Amino acid sequence: MMIARIFRQIWNTATALTLAALVCAVVLVLAIGAAALLGYPPLRVADLWLHGAAGSWYSLSSSCADACPLLLTGLAAGVAFRAGVLNIGAQGQFLMGALVAVALSTRMMIFHQPALVIATALTGGALAGGIWGLIAQYLERYRAVPVVLSTILLNFVALYLVAAALQGPLQAVGTAAAQSPEIAGKYWLPLFVPYTDFHIGIILAFMLSVLLWVVQERTVFGFESHVVGLNPDTAKAMKMPVAWRQFQIMFISGGCAGLGGAIQVLGQVHFMTAHMGDYGYAGIAVALLGRLNPLGIILSAVFFGFLDTGAFRVEESSLALPHDLADVIKAVVILVMLVLAGISLRRSRRAAKSERTTSAETPSA
Amino acid sequence: MNTAPNMITFLSRQTVTAATPMILAGVGELVGELSGVINIGIEGSMLMGCIAAYTVTGVTGHGTAGLLAAMVTGMVMAVIFAAATVWGRADQIVAGTAMDLLGVGLSGMIWMMYQNWRENLGFSTALPHGSGFSPLAIPLLRDIPFVGPAFFEQYLLCYLTICLCVGVWWMLNHTRLGLIIQALGDAPEACHAAGVRVRLGRSMCLLFAGTCAGAAGAYLSIMQTHAFAADMTGGEGFVVLALVIFGRWKLPGLVGGCLFFGLINSLQQTLQTARYTSQNSVLHALTHVPFQFFQMLPYLAAIAALAVMSRNSPGPRYINIPWPSAKT
Amino acid sequence: RAAAVKGQLRIALICSGSVTDGGWNQEGKNAILAVKKKLHAHVSILEHISPVRAVDVMRSYAMRGYNLIIGHGYEFLIPATEVAAMGGKTRFAVSGADTTKPGVLTLNFDLAQPSYQLGILAAMLSKTGKIGFIGGEAIPSVVACYRGFAAGARSVNPKIKVAEAYTSWDQPALSKSQAQAFIQQGIDVIYQNVDAASRGVFEAVAQANQSHGAPVYVFGSNSDQNNNPTCSRYTPASAVIRLDRAFLRVARAVQQGTFKPGVATENLRNHVCIVVLNPRLVGSVITPAMQKAIARAGRELLSGKVHVKP
Amino acid sequence: MATLPPALRLSEIQKSFNGVPALDGVSLEVAAGSVHGILGENGAGKTTLMNIIAGLLRPDSGSMEIMGNAAPVGSVRESRAFGIGMVHQHFKLADNQSVLDNIVLAVSKSLWSRRGRGVLQNIDYWCRELNWTLELQKPVRELGVGQQQRVEIIKALCGGGKILILDEPTAALTPAEVDELSSAVAGLANAGMTVLFISHKLQEVTRMCRVISILRRGKLVYSGGVAGLSMQQIAEKMVGAKVDVPRLVQPLGHAESRVLLELQSVDYRIGKREPPLLSQINLRVHAGEILGIAGVDGNGQSELAAVISGTVDPVAGRIMRSGAARADAPANSACIPEDRHKEALVPALPIVSNLLLRKYRHRPYVRWGFCRFGKWRTSAAALMRQYDIRSRGIDDAVCTLSGGNQQKVVLARELSDAPEWILAVNPTRGLDVGATAFVLRQLLDARARGAGIILIHGDLDELLSVSDRVAVMRGGKLLATPWPQFTRELIGRMMLAGA
Ligand SMILES: Nc1ncnc2c1ncn2[C@@H]1O[C@H](COP(=O)(O)OP(=O)(O)OP(=O)(O)O)[C@@H](O)[C@H]1O
Ligand SMILES: Nc1ncnc2c1ncn2[C@@H]1O[C@H](COP(=O)(O)OP(=O)(O)OP(=O)(O)O)[C@@H](O)[C@H]1O
Ligand SMILES: [Mg+2]
Ligand SMILES: [Mg+2]
């Protein structure tokens, strides 16, 4: 029985993967078409794109390093959405996390032992993101300001706050730029494959998503937060601590995004400006594409990371594909993939269902 | 020159000018969301509207042609979005992100190609003289003190937007079409049972929204300024999304929110200036405040306003749920 | 296509924004294309690179044997330092930064000097005693503009009021409304450094001049914006960075093996950062007295008699 | 007289969902001008069949003829053009819109006009005919289920047409309202309209219809006259087995056993200025008795249930639960709420999760914060067997179950842990005969075990058949009935007096 279930799951995953591969093929053809229209040799574009995204250890590491912040902001959105907390504020939480991490690893260092500095900076970043998120949850609980809205607005507030801090207390010495000091090399996140971008932040992010998957799928906390998200009235009737769970979830969600910011500065960028990319907004799409499942979010984050990294490789190649055209191709790829994935998912689900009905025994008919 | 009435007139005029594109795009987005489809890619549609209006005006020399082109472009973007979400059941948020990217990329591409083309021909990329729109004063009304210069010396599209708002408000509240649109997002099964074609209805709403977003883009590029710049919408599309929620999915609320936002922004800009130019010592003390705090003022004000009003509204229930749905 | 010719100089330019922005980035692109023409170099340009991505793309260029990588913007300084530290033959230059880092040549465009001259002009042009500056963002080359501008104006009229505001690089509508707020407050000379959004400022000035009695003037920056199509009659001068000269010098140094990391301050002295007056306004709007004052300020700046903190 | 073509002829209608047949070759003829009853268990396929007729669903195969003309299937517009109107079992109402707007939305043809005078007159006509009052401007979400049911019916009647489908229209109506509806339906039939009538209450069907059709598991098992069939026979045809309707044999005397729940002068209102929704409620439930509470829908029953279950706090008065004034209901109480989708189930989650919602956090279902799904599954499987929940497996989402089975999920969860006292609100609404019997039997079993039960129920017959004592809610007040001489007539009078 158990084995059969596992087998069926694997089987379903396999069909899903086959379908995904098919989808990728179709997408590729389409992307190629778009490029061809403007006179770029389509096959070369596709080849460079794929190669640039995953052709070598090195490019693989770039893709993963780019997927890492996306993964964490994706987790932030996914965890929250699953519990019905519409946190659109990963961008602001990401920035606050990065800011605090930079502060803790440059100006306000409590320790000087590298491991301790890294640990405090990561923790501080996560806490900052979480607390920034809690503001929104507080506003919803006590002032009836919808979280969807306050988080959007707080993103802008965070952006300007960060800019002000980078031009004020956190500004690097000797420059007029809104820019933090550089983090000293010994406080960078160590690499686990030298001469690549594989820093341990990536491992951390992957481990965190597995951990969150376990929490969501296996613990009472995860179960309760899912029920709270699906039907808060029932949750209340079942005496679940609805508001408390929402606060906790918001804290975890904001914490993920904040940790993303911290890892980004400690592992990848090593200093901070107000332009830290829009990983927070992209995380929403990542989460939804991953169907709010932490493992699915890994896949979709890596997908987006590949898409981005590949694009840069095509742009800087001798083809000199314009950045804007690369954007267009990315958009088309995402759109087509969405529709095709929707179709194939419904197919496989239907197939799984009918297969289940034929095999399962109906109790006492 | 620096008298109070002057200042009030100036601020209200700036407010209306700045709010118009947000209201325009917001009305479309509102109708779309009421019908159950959230399009977070309006920014992309607006940008496409900007570039279409700019290039067509630049080539033909007629602003009206540019405006029409922008509307058609917005509609085309809406067709793509509707095909993906309404008919292809794609997740609306992810698809919206892609639409945003598409708009940014395509408009940038077109701008680059347009520039190259014009320069190769030896033309300027600027709009031919007099081809964009300039403010259109309404003869008698403009002479009303304060109100006149503020509200009746605006661009053509501003007046059209006012008409559109009144029309859409009337449509939503006084016609069966309005009932249908709201039911599409709140109870599509009721529409289905009444013989209304849900997906067709939603597509129509999206087309309307796209047209509005395109026109808002045209406003930015050939009316308010006569310029195009890559990403010239600068996040306005996202602010519009927030303002639709801010207005609790009601048209007056949305318009109020846009005006409020426009007002705080022009106030903020004036304040930033006045702290250097005015004699007032309080204002002068503000010179030590980092300018970023002025920039975040509109957002803080919006949060504060919400916290004071303290009312939540869930919005249309079927947003981002494709039809036919499995929801109970 | 562009198969690498052996011994050909290979240069990469990395821009933070769009190369169609009509300002900083577009000038960078034009400059590097000029270098390409002069030195028959191979050139690759990347746009929309955030500091987050900079290390990745620079390293990728370095690995493919590019001789020179120019990070066009202060935010590329630290990434360039990082990649330079990895070794290799690639040379790194960063334009628009104001500090130095090991292994990287910083091109510090001291716009403060021409801005000082513009400040003098502004103070002499202003009837109201109020002038203003609009920047896209508070980055070194922009802040330098403001500082020089204010210092120059105060050297003429110590009581002059100099307003300062920042909007964004790519929103003409926003910079237009900021300029209108300036004008409404009585400011009649505006100095802007907002790249693609400058069209908005020009619009505001043009509109103000249509309705106003007293004229409102605007200064351009980075490139020569004196003959902008919107209000060239009210644009008496621009502070110009002649990027092509700077880039050419760096590229030559790389080619000849004389490249040295450090800081190269580009200013009036080497004719990279200069004031360009609008020839159509010289003699009318710009009086001989003004011209003289500008020239004197130039001499004082060169002799070190006047020093503007960048 | 030439034989008229049948109003409706269905031939070989086949429909399956995800490969499971819901309708298996149904052929049916409905004579013009008749009231035709459709009967069947929960999940037999009645609603599916009706939806196909009304065009909401497209059958896999089969054809339809209306008045002898072939009618296209699968389009609501076409079906409406052929004069088919329907009252939906699951109300197709837009919650946030007013009653009038809902009717206009469904009935009117113009895109623009919203205040069609014709519509208003039509509503007025039918309200007078049925002796109902509708608050036209009120948003539907503020209406009780009974009121919503009326809106749904009026909506269909206003649509006009020649064939009217009523899918469980009486599930949420009081007996008096049912009488009015049935006379109105008879009037319609006399005027030439054809009515298809679905109900789980056999008395209603036999009273109103001459002809009935019975579906069992997607197949038509009987179609013909109702005369000569006893209720028991009909029930057997539906279920395929004999059905015993449980009834309380020996009502308890004056309760002397322990008081489990006591309300003392409880008041409840929403705003300070609003009229009270509950006033001066005094009530006692003893161990081993069923206290029935009757009343016309909307007289405070929902508020009473909310106060008892602890979801809202009363404005004044005391609630003693198990003898103590505790803030919330203790674990050994059970609640079967009125709206199971809203308050008792998480429809998107599988059956096993829904069955464990009360005890998932207690031993042995949890260890160190981790769910022990193995234990969950054995417990759920046992409950499914015990309560005869029919589905393909415990991993099916609850929303894919039929209403009867969903109700059984709630019952199984709430009753399985031998609760001390039970609050049940309309527990059999919409359930078929078999399931109704099952639910009532469960309540009686709990009573026999010594539990105290408050049964708030709209179906007076069922209420009377199982209650020890009955009280009546009217206008937010609880009226005690003289024990033990309560009769149907007396209670009916009390429910309506002064109204
Ligand atoms: N949308 C659907 N998706 C999947 N299965 C469905 C769907 N609608 C109905 N079914 C299946 O079809 C069968 C018949 O359902 P139907 O609603 O017609 O029953 P019913 O006779 O109306 O029951 P009830 O008396 O409870 O109203 C059910 O067993 C159900 O499993
Ligand atoms: N998403 C779905 N997937 C599969 N089946 C569904 C789905 N939604 C509804 N159904 C089926 O539709 C039928 C009607 O739904 P419902 O659950 O309301 O049962 P019901 O008995 O007709 O309702 P009631 O609660 O009034 O008794 C059910 O039999 C159910 O199996
Ligand atoms: Mg049914
Ligand atoms: Mg039912």
Side-chain angles (χ1 to χ4, degrees), chain A residues 40-41 44 52 56 58-59 61-63 65-66 69 98 160 163-164 166-167 171-183 185 188 195-197 261 264-265 268-279 308-309 311-324 326-327, chain C residues 1-4 10 12 14-20 42-61 63-64 66 73-79 81-82 85-86 96-101 106 108 112 137-147 166 309-310:
Chain A
Y40 291 89
R44 281 267 292 147
S56 64
Y58 170 72
S59 36
S61 82
S62 299
S63 299
D66 191 49
Y160 293 120
L166 290 178
Q167 206 139 46
Q171 192 170 31
V173 184
T175 178
Q179 178 177 327
S180 79
E182 199 183 348
I183 299 173
W188 295 358
Y195 307 112
T196 62
D197 276 339
Q264 185 71 353
V265 290
Q268 187 73 12
V269 191
H270 307 141
F271 76 110
M272 191 179 177
T273 73
H275 305 280
M276 296 297 290
D278 52 2
Y279 291 107
D308 276 353
T309 307
F312 282 119
R313 296 293 100 88
V314 193
E315 288 169 41
E316 68 196 21
S317 70
S318 54
L319 275 185
L321 189 77
H323 177 81
D324 292 315
D327 273 357
Chain C
R1 281 197 196 196
R10 288 157 67 83
I14 296 172
C15 299
S16 57
S18 160
V19 293
T20 57
H42 166 84
V43 161
S44 173
I45 303 172
L46 269 192
E47 347 165 43
H48 291 288
I49 302 295
S50 71
V52 176
R53 271 302 191 158
V55 169
D56 177 41
V57 294
M58 285 186 180
R59 202 174 34 190
S60 166
Y61 275 127
M63 277 169 38
R64 281 179 299 126
Y66 272 72
Y74 75 96
E75 63 266 63
F76 298 119
L77 183 59
I78 294 176
T81 318
E82 252 176 58
M86 292 173 189
D98 53 355
T99 50
T100 55
K101 291 275 172 193
T106 300
N108 181 9
E137 213 180 317
I139 64 172
S141 53
V142 173
V143 175
C145 285
Y146 169 70
R147 290 202 180 131
Y166 295 89
K309 199 174 140 252

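Worth saying up front: this structure is predicted, and the values here are computed from it rather than measured. Naming: A, B, ... by sequence-line order, numbering from 1 per chain.
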Between A/S317 and C/R64, is any side-chain donor less than 3.5 angstrom from a side-chain acceptor?
-> no

Who among A/V265, A/D308, A/V269 has the most heavy-atom pairs with chain C under 4.5 Å?
-> A/V269

Among A/Q268, A/H270, A/Q264, which residue forms the greatest number of heavy-atom pairs with chain C at distances under 4.5 Å?
-> A/H270

Exam field: side chain A/E316 to backbone C/Y61, donor-acceptor pair closer than 3.5 Å | no

Determine the option with the most heavy-atom pairs under 4.5 angstrom with chain A, choosing from C/V57, C/I49, C/V19.
-> C/V57

Please look at C/M63 and chain A and tell me whether the side chain, the backbone, both or neither of the residue comes under 4.5 angstrom of a heavy atom of that chain.
-> side chain

Shortest non-hydrogen pair, A/S62 vs C/D56, comes out as OG-OD1, 3.0 Å

Count the heavy-atom pairs under 4.5 Å between each of C/I14, C/V142, C/T99, C/I78 and chain A, then report the option with the highest count.
-> C/I78

Donor-acceptor side-chain pairing of A/H275 and C/E137 below 3.5 angstrom | yes

Of all the heavy-atom pairs spanning A/A176 and C/D98, show the shortest one and how long it is.
-> N-OD2, 2.7 Å

Answer yes or no: is there a side-chain heavy-atom contact under 4.5 Å between C/E82 and A/W188?
-> yes

Which atom pair, heavy atoms only, marks the closest approach of A/E315 to C/E47?
-> OE1-O, 4.4 Å

